[in-house]
Amino acid sequence: MKAMTYSRYGSPDVVTLSEVGKPTPKPNEVLIRILATTVTSGDYRARSLDMPAGFGLIGRLVFGLTGPRQPILGTELAGIVESVGAEVMNFNPGDEVMAFTGGAYGSHAEYRTMPATGTIVHKPANLSFEEAASLSFGSMTALPFLRDKARIKAGDTVLVVGASGAVGTAAVQIARHFGADVTGVTSTANVELVAGLGARRVIDYTRTDFATTGETWDIILDTTATVPFARCAHALKPGGRLVAIQGSFAQTLGIGKPSKASGKKVIAGYVPATAEDLRYIARLASDGELKPVVDRTYRLEEAAAAHAYVDTGRKRGSVVLTVGAGEADFLSGRLVRVGRTRPLSAAA
């Protein structure tokens with residue numbers, strides 16, 4: 001099968017088209033013919049090994065000391081079940097599915113196996129494969145951080161910093177789902193997009209620094225690693241929480257956290273991906289409460305170009321890779337984009 005692989009860390013050019021063995025499902029697994037996948041900030045980190053200060057050694061331990069341990073990137077996918085193992089009861093050949101592989105990666109390929117009890121669900125019928133593929137990375141991050149760690153509740157005021165990225169667009173919608181009053185922070189070009197996702201107010205950071213407005217919030221969710229506690233302490237209400245999605249090394253260690261007397265918290269760290277959460281996210285999407293945002297689409301073979309675009313830091317929502325001849329035209333016909341589709345004949 002075709003797959004985009006890399007054998008060394010570096011720029012987008014290290015990602016190249018390869019021929020690799022097609023996987024065979026184990027008794028408890030399904031084999032998925034992938035029709036769409038994405039290039040995320042997680043793929044950027046794994047490919048470049050450009051880690052926040054203090055995480056360099058940890059990054060190499062996770063991804064591979066001298067080179068990538070997993071040569072195929074890609075954390076989310078959508079496709080069709082081609083075959084199932086003898087023990088699988090909840091999926092059948094022909095089922096349309098979406099899945100989140102997370103730190104196991106392996107989705108930038110024509111096929112992938114997944115445990116039938118893992119983070120894989122039936123695709124909502126109202127989503128295209130491209131939309132379904134773009135749903136899980138941001139949502140599987142935003143949901144547990146807001147619901148489980150920050151304990152969001154109806155009536156909370158929530159500020160989402162970086163509201164136009166994959167995590168940010170999901171966070172705005174999920175916070176609204178829980179009954180929060182949401183303010184988004186983004187650039188001028190994305191103000192309308194974020195407002196359309198449900199933010200009551202949108203702050204254009206090129207014109208206004210939220211920290212100087214005098215406003216306060218119950219939850220400040222930072223997807224950009226630009227909001228240390230010292231910067232936003234006065235913008236948190238009593239009992240307020242700073243949720244550092246991309247927490248610094250110091251935040252991960254608990255350095256610089258607020259005093260107990262302040263009643264304020266800094267929430268960082270890791271959130272596990274669960275099948276239950278992916279089912280929850282699929283239900284929200286099926287009900288129209290969570291809408292995927294797709295910026296651009298590329299063919300699988302153009303993955304290096306997609307990586308280069310993600311590296312600019314200017315993507316809105318997700319960047320999708322379509323997989324396989326024929327399906328790309330079908331998928332594109334069902335998708336309403338906020339950006340554009342890269343011409344299939346364009347140079348990488």
Side-chain angles (χ1 to χ4, degrees), residues 38 40 76 78 98-100 102 119-128 130-186 190-203 210 215 217-224 236-237 239-245 265 267 271-295 316-318 336 338:
T38 64
T40 68
E76 52 189 344
M98 52 182 270
F100 182 61
T119 46
I120 173 175
V121 299
H122 290 91
K123 180 181 74 66
N126 60 325
L127 299 186
S128 70
E130 289 172 309
E131 291 172 314
S134 71
L135 190 65
S136 57
F137 178 83
S139 301
M140 294 283 277
T141 302
L143 176 63
F145 266 110
L146 284 171
R147 181 194 61 196
D148 305 331
K149 286 183 171 286
R151 305 287 184 180
I152 190 173
K153 63 184 184 299
D156 277 347
T157 53
V158 177
L159 179 76
V160 179
V161 182
S164 59
V167 177
T169 54
V172 169
Q173 297 178 81
I174 289 170
R176 284 279 295 162
H177 164 71
F178 284 112
D181 181 311
V182 183
T183 300
V185 178
T186 190
N190 298 318
V191 168
E192 185 176 346
L193 166 66
V194 175
L197 294 174
R200 181 184 59 81
R201 183 188 174 200
V202 183
I203 297 174
F210 77 86
E215 296 179 66
W217 292 270
D218 294 299
I219 298 172
I220 295 177
L221 186 142
D222 176 26
T223 73
T224 64
L236 285 170
K237 293 182 179 181
R241 293 84 81 196
L242 168 63
V243 181
I245 297 291
K265 295 181 179 179
I267 298 170
V271 290
T274 68
E276 181 180 357
D277 280 356
L278 190 56
R279 285 191 290 270
Y280 189 97
I281 288 162
R283 286 196 298 272
L284 291 183
S286 183
D287 293 341
E289 291 195 61
L290 181 58
K291 298 179 180 180
V293 176
V294 175
D295 188 337
R316 301 192 291 171
S318 298
V336 177
V338 299

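Just so you know, residue 1 is the first one in the sequence shown, and it goes up from there.
Atom CD1 of Ile281 is separated from atom CD of Gln173 by 11.5 Å, given to the nearest 0.5 angstrom. The structure places CZ of Arg279 at 10.5 Å from OG1 of Thr119, a figure rounded to the nearest 0.5 Å. Here the OG-CG distance, from Ser139 to Leu290, works out to 4.0 Å after rounding to the nearest 0.5 Å. For the atom pair Ile152 CD1 and Phe145 CZ, the distance stands at 14.0 Å (nearest 0.5 Å). Atom CZ of Arg283 is separated from atom CG of Leu278 by 10.0 Å, given to the nearest 0.5 angstrom.
Here Lys237 does not pair with Asp156 in a salt bridge; the nearest charged N to carboxylate O distance is not below 4.0 Å.
The minimum heavy-atom distance between Pro124 and Ala285, with the atom names listed, is CG-CB, 4.3 Å. Smallest separation of non-hydrogen atoms from Leu221 and Ala171: CD2-CB, 4.2 Å. Listed here is the closest heavy atom pair of Ala163 and Val172: CB-CG2, 4.0 Å. Across all their heavy atoms, Ala142 and Ile174 have their closest contact at CB-CD1, 4.1 Å. For the residue pair Asn190 and Ser164, the shortest heavy atom distance occurs at ND2-OG, 3.3 Å. When all heavy atoms of Val194 and Gly184 are compared, the closest pair comes out as CG1-CA, 4.1 Å.
By the 4.5 Å heavy-atom criterion applied to side chains, Leu127 and Pro292 are counted as neighbours. Side-chain contact check for Ile267 versus Leu242: every heavy-atom pair is 4.5 Å or farther apart. Between Val158 and Phe178 there is no side-chain heavy-atom pair separated by less than 4.5 Å. Looking at Val293 and Ser318, their side chains never come closer than 4.5 Å, going by heavy atoms from C-beta outward. Taking 4.5 Å as the limit, some side-chain heavy atom of Val243 sits within range of a side-chain heavy atom of Ile219. Looking only at side-chain heavy atoms (C-beta outward), Leu236 and Ile220 come within less than 4.5 Å of each other. In this structure the side chain of Leu193 reaches within 4.5 angstrom of the side chain of Arg316, judged on heavy atoms.
Using a distance-only test at 3.5 Å, with no hydrogens or angles considered, no donor-acceptor pair links the side chain of Thr183 to the main chain of Val202. At least one donor-acceptor pair closer than 3.5 Å links the side chain of Thr169 to the backbone N or O of Ala166. In this structure, the side chain of Arg176 engages the main chain of Gly198 through a donor-acceptor pair within 3.5 Å. Judged purely by atom type and a 3.5 angstrom limit, Ser134 has no side-chain atom pairing as donor or acceptor with the backbone of Val294. Judged by distance alone, with hydrogens and angles left aside, the side-chain atoms of Ser286 form no donor-acceptor pair with the main-chain N or O of Ala282 at under 3.5 Å.
Every residue meeting the side-chain contact (heavy atoms from CB on, under 4.5 Å) condition with Asp277, not counting sequence neighbours, appears here in chain and number order: Met140, Leu143, Pro144, Arg147, Thr274. A search for ring-ring contact (aromatic ring centres under 6.0 Å, His included) contacts involving Tyr280 returns His177, not counting sequence neighbours.
Side-chain atoms of Thr157 and Asp218 form a donor-acceptor pair, as typed in the model, at a separation below 3.5 Å.
Within a 6.0 Å radius of CD in Glu289, more than 12 heavy atoms belonging to other residues, nucleotides or ligands are found.
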Asp222 vs Ile245, side chain to side chain contact (heavy atoms under 4.5 Å, CB included): CA-CA, chis, key distance, verdict: CA-CA 6 Å; Asp222 176 26; Ile245 297 291; over 6 Å; no
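Residue Leu135 forms a side chain to side chain contact (heavy atoms under 4.5 Å, CB included) with just one option from Met98, Glu76, Lys291, and that option is Met98.
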